[in-house]
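Excluded from the calculations below are hydrogen atoms, water molecules and symmetry mates; all remaining heavy atoms, backbone and side chain alike, are included.
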Amino acid sequence: MRNWFVYLLASLACIILLFLLIPLVKMIFGGDFSVVWETFQQKDVLDSIYLTMRVSFMAMLFVLCTGLPLAYLISRYDFFGKSLVEALIDIPTMIPHTAAGIALLLVFGRGPIAEFFVTFGIKFSDAEPGIMIAMMFLSATYLINGAKEGFNKVDIKLEKVARTLGANPLQVFLKISIPNAKKDIINGSLMMWGRGLGEFGAVVILVYHPMVAPVLIYDRFTSYGLAHSAPVAAIMIMISIMIFLSVRFLNNKLK
Amino acid sequence: MELLEVKNLSYKLGNFKLDDINFNVNQGEYFVLLGQSGSGKTLLLESIAGFNKVEGEINFRGSDISQFTPENRDVGFVYQDFALFPNLNVRDNIMFSKKYKQVENPEETLLDISEFLGLMPLLDRRIENLSGGEKQRVAIARALFSKPKILLLDEPLSAIDPTFRNSIMKFLKDIHRRYNLTTIHVTHNFREASYLADRIAIVMKGQIKQVGTASDVLNSPSSIEVAKFLGFKNILPVSILKEDSENLFSVDPNTIQISKEQLYCDYVFKGKLEECMGIIDHYKIFINVEEEQFFAKILKRDYMGCYADRGESIYIGFDKKDICYL
């Protein structure tokens with residue numbers, strides 16, 4: 001009785017797993033490895049991958065500093081407009097990325113806010129900060145929601161006891177709440193970083209140059225065809241998988 | 001000497017309210033807040049610890065501390081599920097307050113507490129590898145290490161295997177004496193309260209119904225609801241004793257004598273046996289007297305088989321000394 005049910009579930013699960021797996025395998029192992037290696041040594045490819053990782057990481061750090069407090073507030077307090085704030089956090093995952101890019105361009109590409117930042121020498125159009133805000137806008141959700149789940153799992157009594165032991169709210173946040181939610185925070189950060197690496201739609205509208213890896217892949221595909229874009233895509237996928245798996249592994253090791 | 005005075009304390013949480021709470025706790029006293037689940041005991045304990053913004057006063061040695069944050073109240077708190085920090089090992093849990101409070105001779109204090117509580121072999125263990133009893137000792141050690149002026153215990157025995165409860169009750173009393181503590185202990189178990197408490201406050205529906213010494217509260221409840229909560233049986237009108245009063249009295253089912261023959265007690269009634277239930281080592285017997293029902297407990301070793309059949313007439317009797325007037 002139980003076996004046929006498990007087989008049914010497993011068969012259906014295999015369909016989606018194969019769907020996810022085959023394109024990745026094809027991309028990594030389907031091409032000529034010497035061409036991939038040759039592509040890997042090209043300066044513009046390396047620069048582009050490094051730029052993508054660095055900026056996505058910076059976006060993640062920024063959201064760690066600002067999104068963690070937001071996640072904690074949502075997890076611990078009831079306040080007017082809380083549902084609205086939660087909806088606002090989720091909205092970027094539902095809107096077309098190109099539309100998000102347009103919205104960001106309208107706010108940070110021109111107008112008073114753009115001019116305000118220019119006075120500090122910060123320019124968003126066709127500059128790294130533009131890549132960063134595009135990545136941040138579309139992937140902050142993952143970190144904030146991950147952290148919120150993590151804080152929800154931390155028993156509030158731990159925080160109360162820590163207060164009676166002399167720690168003030170900030171010390172409790174740093175020494176008890178964050179360390180005990182770290183697994184979800186790291187997972188959320190990783191998801192955000194990984195999602196940022198693949199961001200194309202919003203980035204391409206704000207910043208074509210300098211090129212992040214997804215824009216480079218697109219640029220090579222439209223200019224030179226599949227043969228030139230596929231190795232870059234393969235490299236990007238391999239690096240992303242390696243980083244993703246190692247951080248997941250380390251996170252699972254964390255007690 | 002009075003250490004803590006809770007005066008006109010009120011606090012509303014949703015539909016529940018702690019309503020005009022008044023009691024005091026003396027230096028060195030083991031004070032028990034006794035009440036059913038949902039009566040507001042834990043909320044009251046948390047209010048004393050400073051987790052809730054309350055109305056009224058909480059005076060500590062005469063100074064109002066009701067506006068103080070929990071970190072400035074010098075209380076130690078032990079929750080029923082112990083709330084140990086999973087990210088820290090036993091030693092770091094116990095010494096958590098070292099960074100935030102001035103603890104004199106922290107290493108010696110750790111050694112002393114750990115030796116007394118039998119935690120020396122566990123100091124480097126992770127929290128998830130401890131048994132319930134060990135977790136409880138760590139939680140108490142953590143609270144003691146911070147040298148609190150008052151120790152607040154929230155149902156500390158409820159998560160403990162019943163077979164160990166008696167030894168842990170003794171252990172709690174030993175800790176209280178050894179560290180010269182003032183303890184407020186929340187429980188729903190009146191046996192626990194009767195063993196541990198110097199004084200007891202009965203908490204019901206967010207109100208303090210009675211405060212007094214353990215023997216006063218447990219033997220002379222001030223109202224029917226307190227009597228019922230404390231397990232008093234046979235709560236009946238005094239008029240049945242042919243006394244001119246509209247009050248109620250209670251008589252312990254174990255002290256009621258039963259016989260088919262006339263009895264020689266201060267009060268003797270003839271009634272009809274309504275039910276006789278055999279329970280392991282005793283019988284529960286229900287007797288109707290003048291439309292009131294008496295409940296008596298008779299040991300099986302004293303009577304073989306039920307004393308009478310249902311509907312038969314029977315005498316019951318008890319002495320004045322066994323009566324508790326409510």
Atom group of Tyr79(B) that falls short of 4.5 Å from chain A, counting heavy atoms:
side chain
In terms of heavy-atom pairs under 4.5 Å with chain A, the winner among Ala139(B), Ser97(B), Pro148(B), Ala143(B) is Ser97(B)
Counting N and O atoms only, with roles assigned by atom type, does the side chain of Arg142(B) sit under 3.5 Å from a partner on the main chain of Met95(B), one being a donor and the other an acceptor?
no
For Tyr30(B), is the NZ or CZ atom of Arg199(B) found under 6.0 angstrom from the centre of its six-membered ring and inside 45 degrees of the ring axis?
no
Part of Leu152(B) lying under 4.5 Å from any heavy atom of chain A:
neither
Once side chain to side chain donor-acceptor pair (under 3.5 Å) is applied, what residue pairs with a partner in residues 53-69 of chain A remain, sequence neighbours excluded?
Arg54(A)-Glu128(A)
Quick one: which of Glu46(B), Lys99(B), Arg73(B), Lys98(B) has the most heavy-atom pairs under 4.5 Å with chain A, could you say?
Glu46(B)
Salt-bridge present (Asp81(B), Lys135(B); N to O < 4.0 Å):
no
Less than 4.5 Å to any heavy atom of chain B: does that hold for the side chain of Asn168(A), its backbone, both, or neither?
both
Starting from the C-alpha separation in whole Å, work towards a yes-or-no answer on ring-ring contact (aromatic ring centres under 6.0 Å, His included) for Phe51(B) and Phe77(B).
CA-CA 11 Å; Phe51(B) 302 145; Phe77(B) 205 111; 5.6 Å; yes
